[in-house]
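Handing you a structure now.
Note that the structure is predicted; figures quoted are calculated from it, not measured. Residue numbers begin at 1 in each chain, while the letters A, B, ... track the order of the sequences.
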Amino acid sequence: MTNSIQPTNFIHEIIEQDLKANKHKGRVHTRFPPEPNGYLHIGHAKAICIDFGTAAKYNGLCNLRFDDSNPIKEKQEYIDAIKEDIRWLGFDWEDREYYASDYFDQLYEWAVQLIKAGKAYVDDLSAEEIREYRGTLTESGKESPYRNRSVEENLDLFERMKAGEFSDGSRVLRAKIDMAASNINMRDPVMYRILQKPHHRQGDKWCIYPTYDWTHGQSDSIEGITHSLCSLEFEDHRPLYDWFLEQLGVFHPQQIEFSRLNLSYMITSTRKLGKLVHEGNVDGWADPRMPTLSGLRRRGYTPESIRNFVERIGVAKTDSVIDIALLEHCLREDLNKRAQRVMAVLYPLKVIIDNYPEDKVEELDCVNNPEDASMGTRKVPFSRVLYIEQDDFREEPPKKYFRLAPGREVRLRYAYFIKCVNVIKDEKGKVVELHCTYDPKTQGGDAPDGRKVKATLHWVSAKHALNAEVRLYDRLFTKANSNEAEEGKDFTSNVNPKSLEILSSCWVEPGLKDAKPGDRYQFERLGYFCVDPDSSDKALVFNRTVSLRDTWAKIEKTQKV
RNA sequence: UGGGGGAUCGUUCAAUGGUAGGACGGUUGUCUCUGGAUCAACUGAUCGGGGUUCGAAUCCCUGUCCCCCAGCCA
């Protein structure tokens with residue numbers, strides 16, 4: 001009777017088999033190994049959920065390990081941001097925070113061991129020459145003239161590389177494998193390069209730095225990782241990963257590859273996101289339009305929705321592009337359950353209730369969340385002059401338009417039925433003000449005579465409402481496949497010029513005066529919004545996280561076609 | 001043209017020789033003081049061609065298409 005857990009993807013199946021075979025005495029240990037060369041994005045979220053989630057599922061552990069073997073690209077700023085983002089997502093590495101750079105001494109010793117075994121050599125060829133000697137996809141490579149140096153000479157040269165006697169690029173340490181291998185990674189891969197650069201954690205201790213291939217498997221081994229989960233592009237590095245571990249005769253983890261996350265209308269490449277940041281297409285890594293975890297957080301995404309999203313997309317080896325609509329669905333599903341409802345008007349249109357007393361103010365009861373009665377109710381002031389949404393009035397309503405129009409009656413949410421009796425326009429013919437009458441008997445929103453109304457509008461009381469800035473975000477790219485650019489252009493040419501729209505004269509109900517950065521609301525009938533860190537008591541700033549599904553917009557669109 | 005992977009509804013994941021199923025999307029309807037949410041229904045796929053088998057998405061043969069690899073990046 002083993003209480004084995006149902007596998008839900010191919011990685012879990014492999015682990016179940018290992019568990020049955022008692023491969024690691026029932027131990028499951030994974031790791032999440034980011035390079036601190038940028039901010040984490042939604043693609044990393046998939047890896048994080050798989051790495052931490054798989055360990056958790058089998059009562060195992062997951063380490064956080066910074067893969068920091070290239071000082072040119074890495075920064076402490078990124079390490080700090082990465083840690084914050086993983087925590088925010090809801091995962092905990094406890095005290096298991098490791099750095100590949102902490103293994104540099106061990107890696108150096110192992111390199112010496114390989115040299116002594118005749119399995120590694122110092123090569124004086126230049127980078128260009130190494131490339132030429134490597135051959136091509138179809139032609140095998142040829143051996144470097146330095147390939148057969150004596151062990152003594154290699155030991156001496158390698159030590160002097162470490163001592164800083166040579167300039168950048170002048171020499172490398174290479175594994176001696178097979179220049180005719182069909183897998184190019186096996187054609188004497190570089191293990192160490194000379195980089196006269198200080199390391200963000202090691203300072204000036206080193207001027208030779210190990211490459212990814214020489215670092216990763218050994219780091220996994222040192223940490224006792226049982227299953228080293230990574231993305232598909234490392235598949236043909238696996239023979240090399242295995243080769244190093246076999247030569248060293250150390251604990252041998254198993255590398256398993258899965259497909260990385262691609263999202264329509266988005267980019268999940270740290271390098272490309274960095275380019276958007278550095279070229280000023282966005283306002284930093286945490287811009288709310290960015291698919292970085294910090295950007296999504298500022299935008300108002302919940303960690304739960306992201307974890308649920310990753311759960312739903314599954315794990316496989318197929319190259320796939322996930323529809324952004326699924327991410328948005330997960331977001332709305334979560335926010336719908338937890339976000340407090342409030343009323344806010346983004347594009348205000350003044351409405352005067354002609355028959356409502358000048359100075360009267362009523363405090364009306366409003367439901368905070370129809371999905372969750374425990375969230376209670378609140379009072380919202382109602383008075384003679386209101387703002388409604390410009391979209392909620394049409395002088396000449398098209399078919400299937402249910403909202404306000406001349407002579408038509410609608411409901412103001414939680415308030416009264418009103419009827420439009422007069423339309424005031426400016427000299428250009430733009431509607432600037434509506435005069436309506438209300439039916440006092442419909443207080444609360446229901447007519448005692450049972451008459452129905454087809455639309456319910458949100459509103460705010462003009463003299464009570466708070467002014468707010470609202471930032472509307474649209475998809476960052478205009479094309480579903482953002483990489484599909486014209487000849488001579490790159491993905492940045494697909495950046496959506498309308499991805500940010502700032503509305504400065506919006507009105508929100510007065511109860512929002514104490515809203516704090518990060519607070520999330522549903523603006524009824526509009527969407528989910530959160531308070532931006534730029535917000536203050538004096539000037540409220542909201543970000544639109546995601547709009548509500550909009551059936552009318554869909555109808556209107558098909559009517560136009 | 002070498003090597004390594006992959007191909008199932010529009011998208012994505014499942015079905016491990018035995019009824020091709022779920023989710024998202026789309027459509028229609030229900031309900032509703034959010035054109036939201038809910039609920040229901042519908043839509044819709046095994047890359048092609050052979051073969052094995054009582055039975056094939058799954059096994060075999062063959063072809064096609066897609067992705068990754070020629071960094072001293074990870």
Side chain of A/Ile322: nearest nucleotide among B/C24, B/G2, B/U12?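 Among B/C24, B/G2, B/U12, the one nearest the side chain of A/Ile322 is B/U12.
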Would you mind classifying the nucleic acid contact of A/Tyr209 as base, sugar-phosphate or nothing, using non-hydrogen atoms under 4.0 angstrom?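 Nothing, no heavy atom under 4.0 Å.
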Closest approach to the side chain of A/Glu233, judged atom by atom: which nucleotide of B/C73, B/C68, B/A23 is it?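 The answer is B/C68, which lies nearest to the side chain.
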Rounded to whole angstrom, note down the P distance from B/C60 over to B/G5.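 That atom pair is separated by 15 Å.
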Check A/Asp220 with A/Arg65, please: is the shortest side-chain N to carboxylate O separation under 4.0 Å?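 Counted as a salt bridge, because a side-chain N and a carboxylate O are separated by less than 4.0 Å.
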B/G36 glycosidic torsion: syn (within 90° of 0) vs anti: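 Because its glycosidic torsion lies more than 90° from 0, B/G36 adopts the anti conformation.
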Side chain to side chain contact (heavy atoms under 4.5 Å, CB included) partners of A/Val453, counting only residues at least two apart: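 A/Glu409, A/Arg411, A/Phe417.
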Reckon A/Pro239 touches a base, only the sugar-phosphate, or nothing at all at heavy-atom distances under 4.0 Å?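 No contact.
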Look at the side chain of A/Thr318 and decide which nucleotide, out of B/A7, B/C73, B/U34, has an atom nearest to it.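 That would be B/A7.
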Classify the nucleic acid contact of A/Tyr401 as base, sugar-phosphate or nothing, counting any heavy atom under 4.0 Å across all strands shown.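 Base contact.
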Aromatic rings A/Phe523 and A/Phe542: how do their planes relate, parallel, tilted or perpendicular, breaks at 30° and 60°?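 Ring orientation, 0 to 90° scale: perpendicular.
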Given B/A70, B/U11, B/U34, which nucleotide is nearest the side-chain atoms of A/Arg131?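 The closest nucleotide is B/A70.
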What integer number of Å spans the C1' atoms of B/A57 and B/G21?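 One C1' to the other, the span is 13 Å.
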If you check every side-chain atom of A/Lys400, which of B/A23, B/G35, B/A74 has the closest atom?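 Among the listed nucleotides, the one closest to the side chain of A/Lys400 is B/G35.
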Over how many whole Å does the gap from A/His458 atom NE2 to B/A37 atom P extend?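 So the two atoms are 16 Å apart, to the nearest Å.
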Looking at A/Leu296 and A/Pro291, what are the two nearest heavy atoms and their distance?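 Nearest heavy atoms, A/Leu296 then A/Pro291: CD1-O, 3.8 Å.
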I'd like the C1' distance from B/U43 over to B/C47, given in whole Å.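 The answer is 22 Å between these two C1' atoms.
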Suppose you measure atom P in B/U12 against the same atom in B/G3; what distance do you get, rounded to whole Å?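 Each nucleotide's P atom is 28 Å from the other's.
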Roughly, in whole Å, what's the span from CD1 in A/Ile184 to C1' in B/C73?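 Rounded to the whole Å, the gap is 16 Å.
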Once you apply a heavy-atom cut-off of 4.0 Å, does A/Ser69 come out as touching a base, just sugar-phosphate, or nothing?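 Sugar-phosphate only.
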Can you check the A/Glu311 CD to B/C24 P distance for me, whole Å?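 Distance, rounded to whole Å: 15 Å.
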Using the side chain to side chain contact (heavy atoms under 4.5 Å, CB included) definition, which of the options A/Val546, A/Leu293, A/Leu327 pairs with A/Tyr301?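 Testing A/Tyr301 for a side chain to side chain contact (heavy atoms under 4.5 Å, CB included) against A/Val546, A/Leu293, A/Leu327 leaves exactly one candidate, A/Leu327.
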What is the distance, to the nearest angstrom, from the CD atom on A/Gln522 to the P atom on B/G36?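 In whole Å, B/G36 P lies 11 Å from A/Gln522 CD.
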For A/Trp459 and A/Pro381, work out which heavy atoms get closest and say how close.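 Nearest pair, atom of A/Trp459 first, then A/Pro381: CZ3-O, 3.2 Å.
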Return the residues of residues 171-181 of chain A meeting this criterion: a heavy atom under 4.0 Å from some atom of RNA chain B. Order them by number, or give none.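 Heavy-atom cutoff 4.0 Å gives A/Val172.
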Counting heavy atoms from C-beta on, name the nucleotide in B/C24, B/C73, B/C72 closest to the side chain of A/Arg134.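 Among the listed nucleotides, the one closest to the side chain of A/Arg134 is B/C72.
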Could you tell me whether A/Asp334 and A/Arg338 make a salt bridge, using a distance below 4.0 angstrom between a side-chain N and a carboxylate O?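 Here A/Asp334 pairs with A/Arg338 in a salt bridge, since their nearest N and O are under 4.0 Å apart.
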What residues, two or more places apart in sequence or in another chain, satisfy side chain to side chain contact (heavy atoms under 4.5 Å, CB included) together with A/Ala485?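 A/Ala485 satisfies side chain to side chain contact (heavy atoms under 4.5 Å, CB included) with A/Lys489, A/Ser493, A/Asn494 once adjacent residues are dropped.
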For RNA chain B, determine which residues of residues 331-344 of chain A have any heavy atom closer than 4.0 angstrom to one of its atoms, and list them numerically.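 Residues of residues 331-344 of chain A that come under 4.0 Å of RNA chain B are, in numerical order, A/Asn336, A/Arg341.
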Between B/G6 and B/G44, how far apart are the P atoms? Round to whole Å, please.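 Roughly 31 Å separates the two P atoms.
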With a 4.0 Å cut-off on heavy atoms, is A/Thr551 in touch with a base, just the backbone sugar-phosphate, or nothing at all?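 The answer is sugar-phosphate, as A/Thr551 gets under 4.0 Å only of primed atoms, P, OP1 or OP2.
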When you get a sec, tell me which of B/G35, B/G2, B/C13 is the closest nucleotide to the side chain of A/Arg525?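 Closest of the options to the side chain of A/Arg525: B/G35.
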So which pairs with a foot in residues 182-195 of chain A pass salt bridge (charged side-chain N to carboxylate O under 4.0 Å, His left out), sequence neighbours left out?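 Qualifying pairs, neighbours excluded: A/Arg147-A/Asp188.
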For residues A/Phe309 and A/Ile322, determine if any side-chain heavy atom of one lies less than 4.5 Å from a side-chain heavy atom of the other.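 Counting from C-beta outward, A/Phe309 and A/Ile322 do come under 4.5 Å.
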Between B/C31 and B/G26, how far apart are the two P atoms, rounded to whole Å?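 Comparing P positions in B/C31 and B/G26 gives a spacing of 22 Å.
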Only one of A/Arg149, A/Arg174, A/Arg171 forms a salt bridge (charged side-chain N to carboxylate O under 4.0 Å, His left out) with A/Asp123, so which one is it?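 Passing option: A/Arg174.
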Indicate, with a heavy-atom threshold strictly under 4.0 Å, whether A/Leu125 touches base, sugar-phosphate, or nothing.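 Here A/Leu125 touches the bases of the nucleic acid.
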Counting heavy atoms from C-beta on, name the nucleotide in B/G5, B/U34, B/G26 closest to the side chain of A/Lys554.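 Nearest to the side-chain atoms of A/Lys554, counting from C-beta on, is B/G26.
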Mind checking if A/Lys454 touches a base, just sugar-phosphate, or nothing, with heavy atoms under 4.0 Å?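 Nothing: the residue A/Lys454, judged by heavy atoms under 4.0 Å, touches no strand.
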Gap in Å between the two C1' atoms, one belonging to B/U52 and one to B/U62, rounded: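 Result for the C1' pair: 15 Å, nearest Å.
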Base, sugar-phosphate, or nothing: which does A/Val453 touch, judged by heavy atoms less than 4.0 Å apart?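 Nothing, no heavy atom under 4.0 Å.
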For RNA chain B, stems built from three or more consecutive Watson-Crick or G-U wobble pairs below 3.5 Å: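 Output for stems: B:2-7 with B:64-69, B:10-13 with B:21-24, B:25-29 with B:39-43, B:47-51 with B:59-63.
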Taking CD in A/Glu311 as the centre, count heavy atoms belonging to other residues, nucleotides or ligands within less than 6.0 Å. Is the count above 12?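 Atom CD in A/Glu311 is not crowded, with 12 or fewer foreign heavy atoms closer than 6.0 Å.
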Under 4.0 angstrom, heavy atoms only, what part of the nucleic acid is A/Leu412 near: base, sugar-phosphate, or nothing?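 The residue A/Leu412 makes no contact with any strand.
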When the C1' atoms of B/U8 and B/U58 are compared, how many Å lie between them, rounded to an integer?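 Per the computed distance, 11 Å lies between those C1' atoms.
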Between the base of B/G6 and the side chain of A/Glu235, is there a donor-acceptor distance below 3.5 Å?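 Between B/G6 and A/Glu235, which were checked side chain against base, a qualifying N/O pair under 3.5 Å is absent.
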Give the rounded distance in Å between these two atoms: CG of A/Leu137 and C1' of B/G71.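 Spelled out: CG on A/Leu137 to C1' on B/G71 is 14 Å.
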Between B/C67 (C1') and A/Lys317 (NZ): distance, integer Å: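 The distance from NZ of A/Lys317 to C1' of B/C67 comes to 12 Å, rounded to the nearest Å.
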Indicate yes or no: does A/Glu257 engage A/Lys317 in a salt bridge with an N to O separation below 4.0 Å.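 The answer is yes: the pair qualifies as a salt bridge.
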The side chain of A/Asn70 lies closest to which of these nucleotides: B/A74, B/G36, B/G35?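 The answer is B/A74.
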Could you check how far CZ of A/Arg312 sits from C1' of B/C13, rounded to whole Å?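 These atoms are roughly 12 Å apart.
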Write down the distance between CG (A/Leu232) and P (B/C68), rounded to a whole number of angstrom.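 Answer to the nearest Å: 10 Å.
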With distance as the sole test, does A/Asn483 use its side chain to make a donor-acceptor pair with the main-chain N or O of A/Phe491 at under 3.5 Å?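 The answer is no, because no donor-acceptor pair under 3.5 Å joins these two groups.
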When we call it a touch if two heavy atoms are under 4.0 Å apart, what does A/Leu457 touch: a base, just sugar-phosphate, or nothing?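 The residue A/Leu457 makes no contact with any strand.
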Can you tell me which nucleotide in B/C72, B/U34, B/A74 comes closest to the side chain of A/Leu548?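 Nearest listed nucleotide: B/U34.
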Spell out yes or no: do the side chain of A/Asp236 and the base of B/G3 have one donor N/O and one acceptor N/O closer than 3.5 Å?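 Looking at the base of B/G3, it does pair with a donor or acceptor on the side chain of A/Asp236 (distance under 3.5 Å).
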Side chains of A/Phe529 and A/Leu346: does their closest heavy-atom pair fall under 4.5 Å?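 Contact flag for A/Phe529/A/Leu346 side chains = yes.
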